[in-house]
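We use all heavy atoms of the structure for the numbers below, so side chains are in, but hydrogens, waters and symmetry mates are not. So you know, we letter chains A, B, ... as the sequences are listed, proteins then strands, and number each from 1.
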Amino acid sequence: MSAFTIETAARFVDQTVTLKGWLYNRRSSGKILFLILRDGTGIMQCVMAKNNVAPDVFAQAEAIGLESSLIVTGRVRAEARAAGGHEMDVTGLEVVQAVADYPITKKEHGTAFLMENRHLWLRSRRQHAVIRIRHAIIKACRDYLDANGFTLVDTPIFTPNACEGTTTLFETQYFDDKAYLTQSGQLYNEATAMAFGKVYCFGPTFRAEKSKTRRHLMEFWMIEPEMAWATLDDVMELAENFISHIVAFVLDTRREELKVLERDTSKLENVRAPFPRLAYDDAARMLEGKGTEFVYGGDFGGTDETLVSEGFDRPVMVHRYPAAVKAFYMETDPADPGKALCVDVLAPEGYGEVIGGGQRLADLDKLQARIREHGLPEAAFQWYLDLRRYGTCPHGGFGMGIERCVAWLCGLEHIRETIAFPRMLYKIYP
RNA sequence: UCCUGAGUAGCUCAAUCGGCAGAGCAGCCGGCUGUUAACCGGCGGGUUGUAGGUUCAAGUCCUACCUCAGGAGCCA
């Protein structure tokens, strides 16, 4: 009986249960009171008839404000008229705390107000659905890699050097030294892949880019698998199977939440491997005459990504970008030395890049030359170069940004809703 | 960092050419035994983001600043 939660109400039909939760909404019709409670697992309508409870209990229930914490006792009943399919006939009520003036009301609010009250906004139905889908996505990521021979080896958050010299790092004091917050676990992944074969890391990453768009956070979570003895083709195959598994798992286990979000799930049903593969040169050709500012040889902008992906009903894998626009550790294409053996997976419906990865440069001399060309401090990379001195081999992997994946699967306008407490440009409260 | 837009009641927004500061929701009081953002009647609620300026008169026009939102670049 103590195990009752709203989510499992179907198992408790015709039983008297105790529900601990919060007052989500209330409607009244004279001598009958509809208390809509939430308990973290769902929402349930609790019906209190005036002649079923003591007069003071009824009066108390009429007076308490939204988000009052309550312990309600009553009998569970299947009821088609109630959202969720079940409701409770209330016989007992204990008010743990009567709340007045809960800031978030039933009518519409602006984004600024809701973000200022993010700690309370999380209680709302939409936000609840998003965070539960996020959880399902993370579980699917781990399950897939765990079931396919990958070992979780987490990488450090404090790092002494930049992974990619171009992006901005958050600098922090490390006793008498400076340290930076990680922006990728990839270089360390390469070390652990040489020790364990197939590995992944999963954790927060930090980018001090002054980006102010619907696709950027200063702090975001990234899952990064890395495989020894892998080519670009292996990396692409992993990426499409990985994403297919995640989408299938979410469709399978989070239907209710997708419904709350009014997500068009037909667009997600198509997401099955294999994904179309598009060479950079072909993608660039698709952009010709589309009126973008894209110039051949450069990277794609957000609108370019949308233009490329809109011709496909599932994610598209764009590979072999010009080496000049990619990071120093990318392996070059033996068939075209100007190109890097890399891949970006572009999500459909304009959600853009969710995965970036590729095959890593395996040769010691070439890697040393590349580090010099990029003006990176060679001394800091000695441990990384050791990986090429002692048993180098073809290897590769990718990183997937969890928040972009959540935004895509949930069909969200803005990435700020994909994490409980988003860190955004100049905004770090609450 | 750059470009654009917005700051008016607790919240979401009105306010015509510069001429008495308004509505819905929330709150409070009352009504209703099946409501679905319930509904119906009544009441209270304002230093119009901040600081200057123009004017008989500024929410409205001008200047600066602050905050927020949208977009760009960069990226996942």
Student: Checking A/N189 side chain against A/E224 main chain: does a donor-acceptor pair fall under 3.5 Å?
Tutor: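 Pair found, side chain donor or acceptor close to backbone of A/E224.
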Student: Would you mind reading off the distance between A/K326 atom NZ and B/C75 atom C1', rounded to a whole angstrom?
Tutor: 9 Å
Student: Please state the C1' separation for the pair B/G70 and B/C43 - nearest whole angstrom.
Tutor: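 Per the computed distance, 40 Å lies between those C1' atoms.
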Student: B/C75, B/G70, B/A76: which one has an atom nearest the side-chain heavy atoms of A/I415?
Tutor: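 Selected nucleotide: B/A76.
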Student: When you measure from the side chain of A/R207, which nucleotide among B/G27, B/A76, B/A69 comes out closest?
Tutor: B/A76
Student: Within less than 4.0 Å of OP1 or OP2 of B/C39, is there a side-chain N or O belonging to A/R26?
Tutor: no
Student: For A/F170 together with A/Y180, are the ring centres under 6.0 Å from each other?
Tutor: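 That pair fails the under 6.0 Å test.
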Student: Which whole number of Å gives the distance between the P atom of B/C62 and that of B/G18?
Tutor: 10 Å
Student: For RNA chain B, whose closest nucleotide is more 5', that of A/F113 or that of A/M400?
Tutor: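 Checking each residue's closest nucleotide, the 5'-ward one belongs to A/F113.
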Student: Considering only heavy atoms and no angle criterion, is a donor-acceptor pair shorter than 3.5 Å present between the side chain of A/E87 and the base of B/G34?
Tutor: yes
Student: For the P atoms, the ones on B/G19 and on B/U60, what distance do you get once it is rounded to whole angstrom?
Tutor: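 About 11 Å, rounded to a whole number of Å.
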Student: List the steps, then state whether side-chain contact (heavy atoms from CB on, under 4.5 Å) holds for A/F381 with A/L187.
Tutor: CA-CA 10 Å; A/F381 286 93; A/L187 301 190; 3.7 Å; yes
Student: Answer yes or no as to whether B/G34 has its base stacked against A/F34, where stacking requires a ring-centre separation under 5.5 angstrom and planes under 30 degrees apart.
Tutor: no
Student: Could you state the CH2-P distance from A/W121 to B/C11, rounded to the nearest angstrom?
Tutor: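 Computing the A/W121:CH2 to B/C11:P distance gives 16 Å.
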Student: For the pair made of CG in A/N25 and C1' in B/A26, what is the distance, rounded to whole Å?
Tutor: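 Rounding to the nearest Å, CG of A/N25 and C1' of B/A26 are 12 Å apart.
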Student: Is there a Watson-Crick or G-U wobble partner for B/A6 with both distances under 3.5 Å, and if so, which one is it?
Tutor: B/U67
Student: Ignoring the backbone of A/Q45, work out which of B/G34, B/G70, B/A26 is nearest its side chain.
Tutor: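 Nearest to the side chain of A/Q45 among the choices is B/G34.
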Student: Taking only the C1' atom of each, what is the distance from B/G46 to B/U8 in whole angstrom?
Tutor: 8 Å
Student: Taking any heavy-atom pair under 4.0 Å as a contact, classify A/R77: base, sugar-phosphate, or nothing.
Tutor: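 Since a base atom lies under 4.0 Å of A/R77, the category is base.
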Student: Looking at the base of B/C75, is there any donor atom on it, or on the side chain of A/R404, that sits under 3.5 Å from an acceptor on the other one?
Tutor: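 Looking at the base of B/C75, it does pair with a donor or acceptor on the side chain of A/R404 (distance under 3.5 Å).
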Student: Of A/L346, A/N270, A/V271, which meets side chain to side chain contact (heavy atoms under 4.5 Å, CB included) against A/P315?
Tutor: A/V271
Student: Using a cut-off of 4.0 Å on non-hydrogen atoms, how would the nucleic acid contact of A/S29 be classed: base, sugar-phosphate, or nothing?
Tutor: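 Since a base atom lies under 4.0 Å of A/S29, the category is base.
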Student: In whole Å, I'd like the distance from the CG atom of A/L35 to the P atom of B/U33.
Tutor: 16 Å
Student: Looking at B/U33, which nucleotide sits across from it as a Watson-Crick or G-U wobble partner, both distances under 3.5 angstrom, or is there none?
Tutor: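 Base partner found: none.
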Student: Look only at the side chain of A/Y24 and the backbone of A/R125, and say whether a donor-acceptor pair between them is shorter than 3.5 Å.
Tutor: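 Present.
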Student: Considering only the P atoms, how many Å lie between B/A15 and B/G7, rounded to the nearest integer?
Tutor: 10 Å
Student: Choose from B/A26, B/U33, B/A76 the nucleotide whose nearest atom is closest to any side-chain atom of A/N51.
Tutor: B/U33
Student: Does B/C28 have a Watson-Crick or wobble partner in any strand here, with both distances under 3.5 angstrom, and which is it?
Tutor: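 Base partner found: B/G42.
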Student: Identify whether the glycosidic angle of B/C20 places it syn (within 90° of 0) or anti.
Tutor: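 Here B/C20 takes the anti form, which means its glycosidic angle is more than 90° from 0.
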Student: Given the rule in the salt bridge (charged side-chain N to carboxylate O under 4.0 Å, His left out) test, do A/E226 and A/R360 qualify, once you have shown the distances and angles that lead to the verdict?
Tutor: CA-CA 10 Å; A/E226 186 78 20; A/R360 321 304 185 191; 2.8 Å; yes
Student: B/C74 P sits how many Å from A/F206 CZ, rounded?
Tutor: 24 Å
Student: Take atom C1' in B/C66 and the same atom in B/C39, then report the distance between them in whole Å.
Tutor: 43 Å
Student: A/H414 has a side chain; which of B/C74, B/G34, B/G70 sits nearest to it?
Tutor: B/G70
Student: In this structure, how many angstroms lie between the P atom of B/A76 and the CG atom of A/L217, rounded?
Tutor: 14 Å
Student: Scan every strand shown for a Watson-Crick or G-U wobble partner of B/A23, both distances under 3.5 Å, and answer none if you come up empty.
Tutor: B/U12
Student: Which nucleotide sits closest to the side chain of A/D101: B/A76, B/G34, B/G27?
Tutor: B/G27
Student: Taking B/C11 as the reference, what is the distance to B/A51 when you measure between their C1' atoms (whole Å, please)?
Tutor: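 Result for the C1' pair: 28 Å, nearest Å.
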Student: For A/Y144 and A/F150, run ring pair (Phe, Tyr, Trp, His ring centres under 6.0 Å): C-alpha distance rounded to whole Å, both residues' side-chain angles, the deciding distance at 0.1 Å, then the answer.
Tutor: CA-CA 9 Å; A/Y144 184 84; A/F150 286 79; 7.7 Å; no
Student: Of A/T303 and A/E62, whose nearest nucleotide on RNA chain B comes first from the 5' end?
Tutor: A/E62
Student: Establish whether the base of B/C74 is bridged to the side chain of A/T213 by a donor-acceptor pair shorter than 3.5 Å.
Tutor: no
Student: How are the rings of A/F328 and A/Y384 set relative to one another: parallel (under 30°), tilted (30 to 60°) or perpendicular (over 60°)?
Tutor: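 A/F328 and A/Y384: perpendicular rings.
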Student: Could you please name the partner base of B/G59, counting Watson-Crick and G-U wobble pairs only when both distances are under 3.5 Å?
Tutor: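 Per the H-bond distance test, none.
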Student: Would you measure the distance from the P atom in B/C25 across to the matching atom in B/C17 and give it in whole Å?
Tutor: 29 Å
Student: Considering Watson-Crick and G-U wobble pairs with both distances under 3.5 Å, what does B/U48 pair with?
Tutor: none
Student: Rounded to whole Å, how long is the line connecting atom CZ of A/R125 with atom P of B/A37?
Tutor: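 My rounded result for the distance is 9 Å.
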Student: Can you tell me how far P of B/G10 sits from CD1 of A/I104, to the nearest Å?
Tutor: 17 Å
